[in-house]
Amino acid sequence: MTSEPVALPVLSTAPAAPVPSQSATSAATAALGGGCASKTSCGSSAPATDPEIAEKIANHPCYSAEAHQFYARMHVAVAPGCNIQCNYCNRKYDCANESRPGVTSDLLTPEDALAKVKLVASEIKQMSVLGIAGPGDPLANPKRTFRTLELVARDCPDIKLCLSTNGLTLPDHVDRIADLNVDHVTITINMIDPEVGERIYPWVAYKGKKYTGREASKILSERQLEGLAMLAERKILAKVNSVLIPGVNDEHLVEVSQTVRGLGAFLHNVMPLVSAPEHGTVFGLAGQRGPTAQELKALQDSCAGVDGADMNMMRHCRQCRADAVGMLGEDRGDEFTPETYQGREIAYDLAGRQAVHAEIERSRAENRTERETLRITDSGPKPDDTVLVAVATKGSGVVNQHFGHASEFWIYEAGRNWASLVQTRDVQRYCEGPSECGDGASVLDKTIAMLSDCAAVLCSKIGPGPYDALEDAGIEPIEVYELIETAVAAAGARITAARAAAAPTDGSGDAGTSPTDVAAELDLEVRSGELVDVDLLDPDLMDEDPFAFAVHVRPGAGSCSGAGAGKGGRGGGCSGHGADHASGSRTDSSRTDSAHTDGADLEVARS
């Protein structure tokens, strides 16, 4: 680590650019269509319709929810000083035990940063993006920041360049950002009302003077919005980060989202406050709590509006360290200590990287073709009935992780032909201490509490203990190794159909429904028999038709018994939530009976 002191930089005394006029704001809004220019690309798995935007986000793991499953990012900590103070921030150096913004193990010179980038990019060839995100503010350290970007652009032409800023001096540097072809800028905007801001920001340092209270927040907000409009005018993609602080700005962030969209923001990323006391932040020491996973999702949904019509939300942020390396959700920084790159001449493996990226794009194209073939989407009007489904994955677009090995779960909204990533949840982030899970709660207890609003969990394997615990909590455990969207949409379609089948019919008061009703819902033909359960076929048989359904029937007329099913659906009767899971290892003996039960005549047609 360098011994360079951390000091507040000398700020420019040049006059500030004027706050954008209404015409400038309108032009900025028009530049990106009032936010994201393509409603089928921002944070979704569908390709962008604007070729220019498509190229910019194609392999950017922060700007594309699909790309984050395949591509890695890297941050270099070259910007130590900051020009504002946030009550949720405490920058730490030489720290390897915390994973949050503002933390780094090494401060780098621009030359060391270049050497590290070349080494990481050649070793982790799926790394596609370099970001400068601190540990202070990159634009409060403009010489170090822009020198680093110049060097990387010169020697690593295939890497996308990004920076994150609090926005205080952004208007002074937009032209330089554009000249360096930095296509992605993140601005942290937590308020547009100075009365809210004074509870978040103790002070800002602007033009050589320190401001406090409401005046400080007013200056900061005006400069942030001015800089955002200037980025939009230059067609630089801007992502707005907002920290959700319960009781402080939670009710205000919908207004923030609407405002930044009007100024041309491409994405809005509402993140949870990280406020553990051991981090030493003002909020942490004062006992300010962070939001629950459910509170965060509700606020994100409110900002997005119906079918994402109001704003495109980033749902997969991991709140990375200032020196993060690797895929989102992982950190391989320990592999690249200063001893591995300082003073070395490192060759940049451009050809090797291009080959790896070509293979990634081939895999993504195959996945996209499968989604299109099965009509699985995450854009446009969603089904009337959806459920939340948690996924344990190591990336690459596949359900491929053991339940017990997952440190985070990807939360999808699932329904028939619908699979939309809406959140990622880390157990320790959202469920810590007695206030959330009860004194002495186990990791499993915390995980179940964190997933309490989910109907099912998809994983490649799960032990009997967690299996039973999830079932007892009303969460269906499903073992599967499959493309995420395929498995999620299939589970969502089956669960919502089973719940609809178990719901009372209008005016009858009967908890069941007829086989004909369920057959119509699932596009199935059931020629005789009483419907008992609807389930997925054996995953081993799903290659040809992943959306085939198995229907368990009993001969004879009458309606489904509904609540008569025993635990795990083994008592016969409608499955509801505790269905007999054909994809789980516990139901091998039932698979041969899926197509016909007690000789009942059944035909299954593809939905």
Checklist entry - Please walk me through it: do Asn241 and Lys239 pass side chain to side chain donor-acceptor pair (under 3.5 Å)? => result CA-CA 7 Å; Asn241 283 355; Lys239 175 167 66 73; 3.0 Å; yes
Checklist entry - Rounded to the nearest 0.5 Å, how far apart are NZ of Lys218 and CD of Glu215? => result 8.5 Å
Checklist entry - Considering residues at least two apart in sequence or located in another chain, which fulfil the side-chain hydrogen bond (donor to acceptor under 3.5 Å, both in side chains) criterion with Ser257? => result His268
Checklist entry - Do side-chain atoms of Arg223 reach the backbone of Gly167 as a donor and acceptor pair under 3.5 angstrom? => result no
Item to check | CA sep, side-chain torsions, deciding dist, call: Arg147, Thr109, side chain to side chain contact (heavy atoms under 4.5 Å, CB included) | outcome: CA-CA 9 Å; Arg147 177 59 177 164; Thr109 65; over 6 Å; no
Checklist entry - Under a 4.0 Å N-O cut-off, is there an ion pair linking Asp453 with Lys297? => result no
Checklist entry - If you look at every heavy atom in Leu163 and Val182, which pair is closest and at what distance? => result N-CG1, 4.4 Å
Checklist entry - Any donor and acceptor pair, going by atom type alone, linking the side chain of Gln423 with main-chain N or O of Tyr412 inside 3.5 Å? => result no
Checklist outcome for this item: Scanning both residues in full, the closest heavy-atom pair of Ile200 with Pro202 reads O-CD, 3.5 Å
Checklist entry - Is the His184-Phe266 ring centre distance short of 6.0 angstrom? => result no
Checklist entry - Side chain of Lys118, backbone of Ile346: donor and acceptor closer than 3.5 Å? => result yes
Checklist entry - Do Met74 and Val129 have side chains that get closer than 4.5 Å, going by heavy atoms? => result no
Checklist entry - Do the side chains of Thr424 and Ile411 get nearer than 4.5 Å, heavy atoms only? => result no
Checklist entry - Do Asn83 and Tyr206 have side-chain heavy atoms sitting under 4.5 Å apart? => result no
Checklist entry - Parallel, tilted or perpendicular for His173 and Phe146, by the 30°/60° rule? => result tilted
Checklist entry - Does Arg176 reach the side chain of Pro142, with side-chain heavy atoms less than 4.5 Å apart? => result no
Next on the checklist: With heavy-atom distances below 4.5 Å as the criterion, would you say the side chains of Arg364 and Tyr71 are in contact?
Outcome noted: yes
Checklist outcome for this item: Interatomic distance, CG@Leu139 vs CG@Asn166, rounded to 0.5 Å, equals 8.0 Å
Checklist entry - Under 3.5 Å, side chain of Thr165 to main-chain N/O of Ile187, donor-acceptor pair present? => result no
Item to check | Asn190 side chain to Val243 backbone, donor-acceptor under 3.5 Å | outcome: yes
Checklist entry - Which heavy atom in Leu130 sits nearest to a heavy atom in Ile159, and how many Å separate them? => result N-CG2, 3.5 Å
Next on the checklist: Test side chain to side chain contact (heavy atoms under 4.5 Å, CB included) on Ser128 and His357; report intermediate values, then the result.
Outcome noted: CA-CA 9 Å; Ser128 60; His357 286 213; 4.2 Å; yes
Next on the checklist: Nearest 0.5 angstrom please: Asn181 CG to Leu161 CG, how far?
Outcome noted: 8.0 Å
Checklist entry - Which heavy atom in Thr169 sits nearest to a heavy atom in Ala140, and how many Å separate them? => result OG1-N, 4.4 Å
Checklist entry - Atom CD1 of Ile192 and atom OG1 of Thr259: how far apart are they, to the nearest 0.5 Å? => result 3.0 Å
Item to check | Heavy-atom closest pair, residues Ala216 and Tyr211 | outcome: CB-O, 3.4 Å
Item to check | Atom CD of Glu111 with >12 non-hydrogen neighbours under 6.0 angstrom | outcome: yes
Checklist entry - Would Lys116 and Asp112 pass as an ion pair if we require N to O under 4.0 Å? => result no
Checklist entry - Measuring from Ser164:OG to Asp137:CG, what's the distance to the nearest 0.5 Å? => result 9.0 Å
Checklist entry - Between Ser217 and Met191, which heavy-atom pair has the shortest distance, and what is it? => result O-CE, 3.4 Å
Checklist entry - Is there a side chain to side chain contact (heavy atoms under 4.5 Å, CB included) between Asn87 and Tyr201 once you walk through the steps? => result CA-CA 6 Å; Asn87 282 334; Tyr201 304 104; over 6 Å; no
Checklist entry - Are side-chain heavy atoms of Met127 and Arg73 found at a separation under 4.5 Å? => result no
Checklist entry - What pairs with Gln288 under side chain to side chain contact (heavy atoms under 4.5 Å, CB included), at least two apart in sequence or on another chain? => result Ile245, Pro246, Val248, Leu273, Phe283
Checklist entry - Is the shortest heavy-atom distance from the side chain of Val117 to the side chain of Cys156 under 4.5 Å? => result yes
Checklist outcome for this item: Separation between CD1 (Ile219) and CG (Leu168), nearest 0.5 Å, reads 8.0 Å
Item to check | Heavy-atom donor-acceptor pair, Asp183 side chain to Ile236 backbone, under 3.5 Å | outcome: no
Checklist entry - Is there a donor-acceptor contact under 3.5 Å from the side chain of Thr281 to the main chain of Gly284? => result yes
Checklist entry - Is there a donor-acceptor pair under 3.5 Å between the side chain of Ser242 and the backbone N or O of Ile189? => result yes
Item to check | Sub-4.5 Å side-chain heavy-atom contact between Ile177 and Leu170 | outcome: yes
Item to check | Val240/Asn269 under side chain to side chain contact (heavy atoms under 4.5 Å, CB included): CA gap, chis, key distance, verdict | outcome: CA-CA 6 Å; Val240 170; Asn269 175 27; over 6 Å; no
Next on the checklist: Checking the side chain of Thr145 only, and the main-chain atoms of Pro138 only, is there a donor and an acceptor separated by less than 3.5 Å?
Outcome noted: yes
Next on the checklist: I'd like to know if the side chain of Arg425 and the backbone of Met450 have a donor-acceptor N/O pair within less than 3.5 Å.
Outcome noted: yes
